[in-house]
Asker: 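Quick one: the structure is below, questions incoming.
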Amino acid sequence: MVDLIMIRTYEHDIIKRFAENSRVPIINGLTDEYHPCQIMSDIFTYTEYRGSIEGKTVAWIGDSNNMCNTWLQAAEIFNFKVHVSTPPGYDINPERIGLNSTTHYEEFADPRKAVIDADLVTTDVWTSMGFEAEAEQRKNDFAAFCVNTEMMSLAKKDALFMHCLPAHRGEEVSAEVLDGPQSVVWDEAENRLHTQKALMEYLLLGKLDTGS
Ligand code: NVA
């Protein structure tokens with residue numbers, strides 16, 4: 001009775017099983033493992049501000065969560081590089097997320113090293129939906145991973161800051177950075193609407209308007 005279904009859930013396998021049994025397209029609105037609609041919006045936002053993301057460097061600071069995984073996958077598709085810095089014990093799992101090579105990412109133990117020369121610095125909450133029981137432990141483990149003014153100063157001068165929101169000021173990002181001149185989080189949030197309209201058009205009509 002519907003033409004499209006968007007699902008936000010926990011284990012990615014739930015969406016996979018649903019899609020295998022569906023006659024209509026299924027859109028991943030977020031799973032524990034991936035968040036493709038958000039990354040489409042983020043790359044669109046980067047492009048609006050700075051042009052193509054190809055060849056650029058994105059610094060991911062914090063949890064190796066759904067956002068991080070999808071940034072890593074996107075880097076292979078759009079040919080950019082991700083500098084990943086996660087606390088010990090929260091490392092990325094390249095095999096699990098199906099990365100083809102190590103060409104498009106580099107891991108850094110020190111988040112300050114990961115942001116050096118980055119064109120875009122981005123982070124996310126330390127505790128994602130479904131992991132609330134770990135919140136207190138994570139606050140300790142991630143304490144050195146706050147994107148603050150000092151960290152931003154190590155990135156390129158014109159680096160943008162992004163966050164998929166909602167953010168926790170003073171945890172993963174300082175208020176100065178979130179509300180500061182390099183932050184594009186409100187346009188990033190608005191662009192969810194526009195990129196998802198494009199996705200719906202593509203899935204329903206098969207149209208891919210590249211503008212060329
Ligand atoms: N990583 C976050 C994204 C929220 C939009 C979560 O899964 O809760």
Side-chain angles (χ1 to χ4, degrees), residues 2-22 24-49 52-54 56-84 86 92-101 103-105 119-125 128-131 160 162-167 172 184-211:
V2 296
D3 296 305
L4 283 174
I5 300 172
M6 184 170 191
I7 300 176
R8 171 170 281 206
T9 186
Y10 295 101
E11 296 88 30
H12 189 69
D13 195 50
I14 296 171
I15 279 195
K16 273 179 62 186
R17 278 190 286 124
F18 199 103
E20 279 160 17
N21 291 286
S22 172
V24 297
I26 307 301
I27 301 172
N28 179 352
L30 177 147
T31 63
D32 285 347
E33 289 91 343
Y34 307 109
H35 200 3
C37 287
Q38 183 67 52
I39 300 303
M40 285 202 315
S41 175
D42 293 8
I43 292 176
F44 180 69
T45 307
Y46 185 87
T47 308
E48 270 192 328
Y49 273 88
S52 172
I53 199 165
E54 185 169 2
K56 305 289 183 188
T57 299
V58 175
W60 175 268
I61 308 300
D63 194 14
S64 57
N65 63 10
N66 41 18
M67 286 291 294
C68 175
N69 289 341
T70 309
W71 268 118
L72 290 165
Q73 294 176 329
E76 291 194 339
I77 297 168
F78 293 99
N79 194 23
F80 58 89
K81 184 133 194 192
V82 184
H83 285 183
V84 191
T86 56
I92 61 169
N93 187 337
E95 274 157 37
R96 185 163 170 233
I97 59 178
L99 297 186
N100 294 309
S101 74
T103 314
H104 292 93
Y105 73 91
D119 299 283
L120 164 63
V121 179
T122 184
T123 186
D124 188 10
V125 290
S128 286
M129 288 178 268
F131 296 81
L160 299 175
M162 289 190 195
H163 190 305
C164 61
L165 304 182
E172 74 276 7
V184 294
V185 296
W186 302 120
D187 284 337
E188 182 189 356
E190 178 190 328
N191 282 336
R192 284 293 297 275
L193 175 67
H194 306 309
T195 49
Q196 283 174 209
K197 284 189 296 186
L199 179 60
M200 289 166 69
E201 181 183 52
Y202 174 65
L203 292 173
L204 290 173
L205 305 177
K207 278 166 85 173
L208 189 57
D209 183 356
T210 59

Asker: Under 4.5 Å between any side-chain heavy atoms of Ile14 and Ile7, yes or no?
Answerer: no

Asker: Just by distance, do the side chain of Gln73 and the backbone of Ile97 share a donor-acceptor pair under 3.5 Å?
Answerer: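 Checked: pair present.
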
Asker: If you take all heavy atoms of Asp124 and Cys164, which pair is closest and at what distance?
Answerer: OD1-SG, 3.3 Å

Asker: Side chains of Ile39 and Tyr34: does their closest heavy-atom pair fall under 4.5 Å?
Answerer: no

Asker: Heavy atoms only: give me the nearest Glu33-Asn69 pair and the separation to one decimal.
Answerer: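 What the structure gives for the nearest pair is O-ND2, 2.9 Å.
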
Asker: Verify the ring-centre separation between Trp71 and Phe80: is it less than 6.0 angstrom?
Answerer: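 Yes; Trp71 has its ring centre under 6.0 Å from that of Phe80.
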
Asker: Can you find a pair of side-chain heavy atoms, one from Asn93 and one from Ser64, that are under 4.5 Å apart?
Answerer: no

Asker: For the backbone of Met40 and the side chain of Thr195, can you confirm whether one donor and one acceptor N or O come within less than 3.5 Å of each other?
Answerer: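 A pair under 3.5 Å: no.
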
Asker: Would you say the side chain of Cys68 lies within less than 4.5 Å of the side chain of Val84, judging by non-hydrogen atoms?
Answerer: yes

Asker: Taking Thr45 for the side chain and Ser41 for the main chain, is one N or O donor matched with an acceptor at less than 3.5 Å?
Answerer: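 Confirmed, Thr45 side chain pairs with Ser41 backbone.
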
Asker: Below 4.5 Å, heavy atoms only, C-beta onward: do Asp63 and Thr86 meet side chain to side chain?
Answerer: no

Asker: Please evaluate residues Gln38 and Asn66 with respect to the criterion side-chain hydrogen bond (donor to acceptor under 3.5 Å, both in side chains), reporting the C-alpha separation (whole Å), side-chain torsions for both, the decisive distance (0.1 Å), and the verdict.
Answerer: CA-CA 10 Å; Gln38 183 67 52; Asn66 41 18; over 6 Å; no

Asker: Is it the case that the side chains of Glu172 and His163 hold a donor-acceptor pair, with the cut-off being a distance below 3.5 Å and no angle test?
Answerer: yes

Asker: State, yes or no, whether a side-chain contact exists between Tyr46 and Lys56 at a heavy-atom distance under 4.5 Å.
Answerer: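 Heavy-atom side-chain distance check passes, below 4.5 Å.
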
Asker: Is it the case that the side chain of Thr47 and the backbone of Ser52 share a donor-acceptor pair, with hydrogens and angles ignored and the cut-off at 3.5 Å?
Answerer: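 Judged by distance alone, no pair lies under 3.5 Å.
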
Asker: Are the side chain of Asn79 and the backbone of Ala75 linked by a donor-acceptor contact shorter than 3.5 Å?
Answerer: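 It does not hold such a pair.
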
